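If you're wondering where the values come from, they're calculated on a predicted model, not measured in any experiment.
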Amino acid sequence: MPVDQKKAHEVWVRYQFLRDNGHLNYITKANQCEDFFLGMQWSQSDKALLKAQRRPALTINKILATMSNVLGEQIFNRTDTAFKPRNEDATVDVASALTKVFMQISDNNQLPWVRSDVFFDGIVTGRGFFDVRLDFTDSLVGEVRVEQLNPKNVLIDADADAYDPDTWSDVIITKWLSPDQIELVYSKKDADLVRGDNSQFSPYTYDAIDRNRDRFGTPRAVMPGLGPSTDLTTARNVRVIERQYKKLDKVLHFVDVMTGDTRQVPDAWTEEQIADYLAKNPEITTTKKLIQRIRWTVIAGSVVLHDDWSPYKHFTVVPYFPHFVRGRTSGLVENLIDSQELLNKSSSQELHIVNTTANSGWKIKRNSLSNMTAGELENRGATTGLVLELEDVKDAEKIVPNAVPSGLDRISYKAEEHIKTISAISDYQTGNPREDVSAKAVQTNRQSGQSNLAKVMDNLNRTDHLMARNILDIVQEYYTEERLIRITTDKLTNKLDEITVNQVTPEGVIVNDLTLGEYAVVITTQPERDTFEETQFDQAIRLRTEGGVAIPDTYIIAASRLRDKAKIIEAMEGDKNSPEAQAEAARQQRAKEAEVATMEAEALSKKADADLKAAKAKKEAVLAEKEANTPPEDNGAEAKLAEVQFDHQVALQKLEAEYAFKREEMERKFALEEELARKEAAVDNMVKVEDAKTNRIAAITAAKNQPAQSAQPAGAKKPATKK
């Protein structure tokens, strides 16, 4: 784009305002926190003064160990992101497809490591940032790219007071690029304008942030120059300011007249596409709405590199704040600075007092030394084996040092305790509890100590939710073509799972259409795989040895830390597709079916016996009732007739039950024999095919190995041989 002084000045003024209204104060705090984390905890002036006074300046970096423990808690507890349907247009299958797409995006961007880096920025400096946008480096159709931003280069809206960037008015990202990088990202014309733009050395590009910006080299303020003239195209000496801000605009929207839902018409759609869509969906109409859209402007000095509407629904910046209070952010290191300084100063003072005890000084009579001067005695007065040659032994006297003040060592102890209390990282979290504490008490205290970091971790989950929301919107907006997604579902066996999204069938139906429906983001926390496997392995062993639970060997091996456990499991299970394995599986299946048939037969036999006993009991009750009601002159003829009829009925029921049982038994037997014959025929057919292949290969091999002379026609004479 051409040089636009007005637009560039507008962006620069906004950048200056945000920089001078809070951002420079944050940078000062962030630099101090990073220095304390890295062990640079004394100012250069203080160290020089102490060195001149021959006093020690100790650095006992407790912040590094404390923050490393917090980082370990984050690394050992990862999050799992999934999506679930939210309206009637959304389906479970598409939600599963979106989850797999997110897994592929996470794998392509090495998201667990990027997440750890952003978490580190947050707990140390108080702010961490992701950047989520489309990238066309590896694919012309675009892929989601997630990167870490330097929090010192992100300037937040000074009037913002909420965590979610959707409530901010604007955000600015500033970075230093080389002319070659500008040509790669934007255009050669813009790069040539930047190369010839003298304003790169004006206030447009030079401020306090550059003099102390983070990089491998020394700060720009103390650099001798930009390097050789041949490196001017690769030196990052051009400040690029990228501003994303909201602006009112009337935009055409689709409206569902039945539900009232609205969705913005994509900017790339033509009038023909809109008309075609409305014709296919009669319940949809269009209307213009006044909304806040995101405008995207990028400048380098007075050159406007980009100025257009943002293709995204959200800012590309996703923040992480460990502690957030109405626009004010706080990490974990800044509250430990005073305690760390107290520890360093008290420890240095203790060492200084010990040093003065050994070298407390001398009192000597003037001109009494004969083998050294007073200056040499000052330097060597505390050395072992010092010999003083005096005119009189009473002319020199060692100064008695002051006693070490009582309670000085307690100051260092209190400083360490302050660090533990403020950071909420006790000895139980660092793995250094007292030896007289039971293991159960250690575990309980460790779990209760983790609750002190609950808010820090909860805000990280909140950031994960915002990032997944932005990625979901980008996927639904721009992942419209057919794509093959490959993900690793089992790291143990490196099993790959493939799914095709936006696939059009011959009937014109789109399978796994990612663009339809609304989906909710679900964030769940789970331990890191290695830690999770160790816990599962220990529990499996205890359940098997102590609880008597028959846990399979393959599961125990899968949960172990063996190096080649996948091969071990494969060797234990064998080749499931081999004829032997299939025959063994068929045999086991027949054995299971026979066992089930035996159990069913026993159950039927027991039921028949129970029915027979019940019938006999009923018979006896009927006979007793008959005998009680039969007159004496009947002589029991009617009772005998009833008894014969009842016996006949019981016998008939017994025969029917036995017949049904025999019939079921024969049907199962015939089914088993038929299945066995079918599988044996399949195995025989497979063996015959393999034998035929073997015979063909043997015949071809024999034909190739047979000498050519042996194929002479009948009656041909052999060539004469010379004697």
Side-chain angles (χ1 to χ4, degrees), residues 11 14 81 83 98 101-102 104-106 108-109 111 114 118 128-149 153-157 160 162-175 185-186 240-254 262-269 289-299 304-320 462-481 483 502 514-521:
V11 175
R14 179 61 178 174
T81 302
F83 302 94
L98 284 170
V101 170
F102 185 88
Q104 187 207 38
I105 293 172
S106 174
N108 289 343
N109 292 278
L111 192 56
V114 178
V118 173
F129 295 98
F130 292 99
D131 186 75
V132 182
R133 64 180 68 187
L134 277 177
D135 181 71
F136 298 91
T137 304
D138 298 331
S139 175
L140 294 178
V141 295
E143 293 180 337
V144 175
R145 182 67 59 200
V146 182
E147 296 179 342
Q148 174 201 12
L149 293 176
N153 294 338
V154 180
L155 289 76
I156 303 174
D157 176 18
Y163 196 105
D164 191 346
D166 282 355
T167 63
W168 303 351
S169 296
D170 66 341
V171 63
I172 289 178
I173 303 173
T174 177
K175 50 191 173 184
V185 176
Y186 298 98
V240 175
I241 299 177
E242 175 183 314
R243 185 190 180 201
Q244 302 174 38
Y245 59 99
K246 292 182 179 178
K247 190 175 181 180
L248 292 177
D249 186 29
K250 274 195 173 183
V251 182
L252 192 65
H253 279 70
F254 288 124
T262 63
R263 177 171 293 186
Q264 181 178 336
V265 178
D267 294 336
W269 279 31
K289 286 178 58 179
L290 184 64
I291 63 172
Q292 279 191 328
R293 295 184 65 184
I294 298 177
R295 191 77 180 178
W296 199 330
T297 305
V298 184
I299 67 168
V304 178
L305 302 176
H306 178 79
D307 183 32
D308 200 353
W309 295 109
S310 173
Y312 312 120
K313 296 180 181 179
H314 313 277
F315 293 133
T316 61
V317 173
V318 179
Y320 167 61
R462 185 178 185 179
T463 297
D464 292 335
H465 184 278
L466 296 177
M467 180 173 60
R469 178 198 66 185
N470 292 8
I471 291 176
L472 174 63
D473 287 337
I474 293 177
V475 168
Q476 289 195 298
E477 186 75 20
Y478 296 103
Y479 279 43
T480 56
E481 67 286 336
R483 299 193 185 205
N502 302 322
L514 304 182
T515 62
L516 297 179
E518 295 182 5
Y519 297 88
V521 180

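- Looking at every heavy atom in both residues, Gln244 comes nearest to Ile294 through CB-CG2, 4.2 Å.
- Thr480 pairs by the side chain to side chain donor-acceptor pair (under 3.5 Å) definition with nothing, not counting sequence neighbours.
- Here the closest heavy-atom approach between residue Asp157 and residue Ser169 is recorded as OD2-N, 3.2 Å.
- The side-chain heavy atoms of Asp308 and Arg295, taken from C-beta on, include a pair separated by under 4.5 Å.
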Show your working on side chain to side chain contact (heavy atoms under 4.5 Å, CB included) between Phe130 and Val114 and close with a plain yes or no.
CA-CA 8 Å; Phe130 292 99; Val114 178; 3.8 Å; yes
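- In terms of heavy-atom proximity, Tyr245 sits nearest to Phe315 at N-CE2, 4.1 Å.
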Start with the C-alpha distance between Leu514 and Arg483, add both sets of side-chain angles, then the distance that settles side chain to side chain contact (heavy atoms under 4.5 Å, CB included), and finish with yes or no.
CA-CA 11 Å; Leu514 304 182; Arg483 299 193 185 205; over 6 Å; no
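- Residue Asp166 forms a side chain to side chain donor-acceptor pair (under 3.5 Å) with just one option from Arg469, Gln292, Lys246, and that option is Arg469.
- Side-chain atoms of Thr463 come within 3.5 Å of backbone N or O of Pro319 as a donor-acceptor pair.
- In this structure, Tyr312 and Leu134 have side chains that are in contact, with non-hydrogen atoms separated by less than 4.5 Å.
- Side-chain atoms of Gln476 come within 3.5 Å of backbone atoms of Gly517 as a donor-acceptor pair (strictly under, hydrogens ignored).
- Put simply, the side chain of His314 does not reach to within 4.5 Å of the side chain of Leu466, judged on heavy atoms.
- Applying the salt bridge (charged side-chain N to carboxylate O under 4.0 Å, His left out) criterion to Asp170, with sequence neighbours excluded, gives Arg14, Arg243.
- Just one of Leu305, Ile173, Thr174 meets the side-chain contact (heavy atoms from CB on, under 4.5 Å) condition when paired with Ile241; it is Thr174.
- Not counting sequence neighbours, the partners of Val251 by the side-chain contact (heavy atoms from CB on, under 4.5 Å) test are Asp249, His253, Gln264, Ile291, Arg293.
- Taking Asn108 as the reference, Gln104 meet the side-chain contact (heavy atoms from CB on, under 4.5 Å) condition, with sequence neighbours excluded.
- In this structure, Tyr479 contributes its side chain and Val101 its backbone to no donor-acceptor pair below 3.5 Å.
- Under 3.5 Å, the side chains of Thr297 and Asp307 contain a donor-acceptor pair of N or O atoms.
- Within the 4.5 Å cutoff, side-chain heavy atoms of Thr81 are placed close to those of Val521.
- Scanning all heavy atoms of the two residues, the minimum distance from Glu481 to Asn502 falls at O-ND2, 3.0 Å.
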Step by step, would you call Asp135 with Glu143 a side chain to side chain contact (heavy atoms under 4.5 Å, CB included)?
CA-CA 5 Å; Asp135 181 71; Glu143 293 180 337; 5.5 Å; no
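- Residues that satisfy the side-chain contact (heavy atoms from CB on, under 4.5 Å) test with Ala162, not counting sequence neighbours, are Thr167.
- Residues Tyr163 and Tyr320 form a side-chain contact, since some pair of their non-hydrogen atoms from C-beta on lies under 4.5 Å apart.
- Listed here is the closest heavy atom pair of Trp296 and Ser310: CE3-OG, 3.6 Å.
- A 4.5 Å side-chain heavy-atom check between Val317 and Pro165 finds every atom pair outside the cut-off.
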Using salt bridge (charged side-chain N to carboxylate O under 4.0 Å, His left out), reason through Lys175 and Glu147 one step at a time and then give a plain yes or no.
CA-CA 14 Å; Lys175 50 191 173 184; Glu147 296 179 342; over 6 Å; no
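- Within the model, atoms CZ of Arg145 and CG of Asp131 stand 11.5 Å from one another, a figure rounded to the nearest 0.5 Å.
- Closest heavy-atom contact between Leu98 and Tyr519: CD1-CD1, 3.6 Å.
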Steps toward side chain to side chain contact (heavy atoms under 4.5 Å, CB included) verdict (Thr316, Val132):
CA-CA 5 Å; Thr316 61; Val132 182; 5.6 Å; no
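- In this view, Phe129 satisfies the ring-ring contact (aromatic ring centres under 6.0 Å, His included) rule with no residue, not counting sequence neighbours.
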